[in-house]
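A short worksheet on the structure shown next.
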Amino acid sequence: MLNDIEFIREKYELGKIIIFGHSWGGDLAAHYVDKYPKSVWGYIIASTAHHYKNNSLVLMVYLLSPR
């Protein structure tokens with residue numbers, strides 16, 4: 001799936017992106033950033049799996065430093 005996201009980003013010539021993921025998609029977004037750090041400006045994750053223990057909605061925003 002990470003390769004699929006990168007394929008779409010390249011196909012549509014999007015340049016650097018900000019990626020958003022909710023729940024499992026938040027984990028996917030974090031893994032995408034790890035694999036393709038030069039493809040993103042930052043990422044936003046909401047309610048990833050480890051936040052469900054206390055039933056909270058957590059929104060985290062990460063802006064990456066220039067690379």
Side-chain angles (χ1 to χ4, degrees):
M1 290 184 175
L2 302 176
N3 295 333
D4 292 343
I5 297 168
E6 182 62 6
F7 173 80
I8 291 168
R9 188 195 66 78
E10 289 178 342
K11 178 178 175 71
Y12 292 101
E13 300 175 0
L14 297 177
K16 288 189 173 193
I17 60 173
I18 295 176
I19 189 166
F20 172 84
H22 175 265
S23 187
W24 175 82
D27 292 333
L28 184 65
H31 287 291
Y32 177 82
V33 173
D34 285 342
K35 187 169 182 178
Y36 298 104
K38 293 183 179 181
S39 296
V40 296
W41 283 112
Y43 63 110
I44 302 166
I45 58 174
S47 295
T48 56
H50 64 280
H51 294 118
Y52 284 122
K53 290 180 182 177
N54 60 10
N55 292 324
S56 63
L57 173 64
V58 176
L59 178 66
M60 302 173 81
V61 179
Y62 300 91
L63 296 177
L64 305 178
S65 61
R67 297 174 192 244

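Every residue two or more places apart in sequence or in another chain was checked for a side chain to side chain donor-acceptor pair (under 3.5 Å) with D4, and none qualifies. Judged as a side chain to side chain contact (heavy atoms under 4.5 Å, CB included), and not counting sequence neighbours, the contacts of N3 are K35, Y36. Every residue two or more places apart in sequence or in another chain that forms a side chain to side chain contact (heavy atoms under 4.5 Å, CB included) with F7 is listed here: K11. For the salt bridge (Lys or Arg N to Asp or Glu O under 4.0 Å) test, residues two or more places apart in sequence or in another chain that qualify with E6 are R9. Among residues two or more places apart in sequence or in another chain, the side chain to side chain contact (heavy atoms under 4.5 Å, CB included) test is passed with I5 by I19, L28, Y32. Looking at residues two or more places apart in sequence or on another chain, you find a side chain to side chain contact (heavy atoms under 4.5 Å, CB included) between I8 and Y12.
Minimum heavy-atom separation, G26 to I45: O-CG2, 3.4 Å. What you find for W41 and I18 is that their closest heavy atoms are CB-CG1, 3.9 Å.
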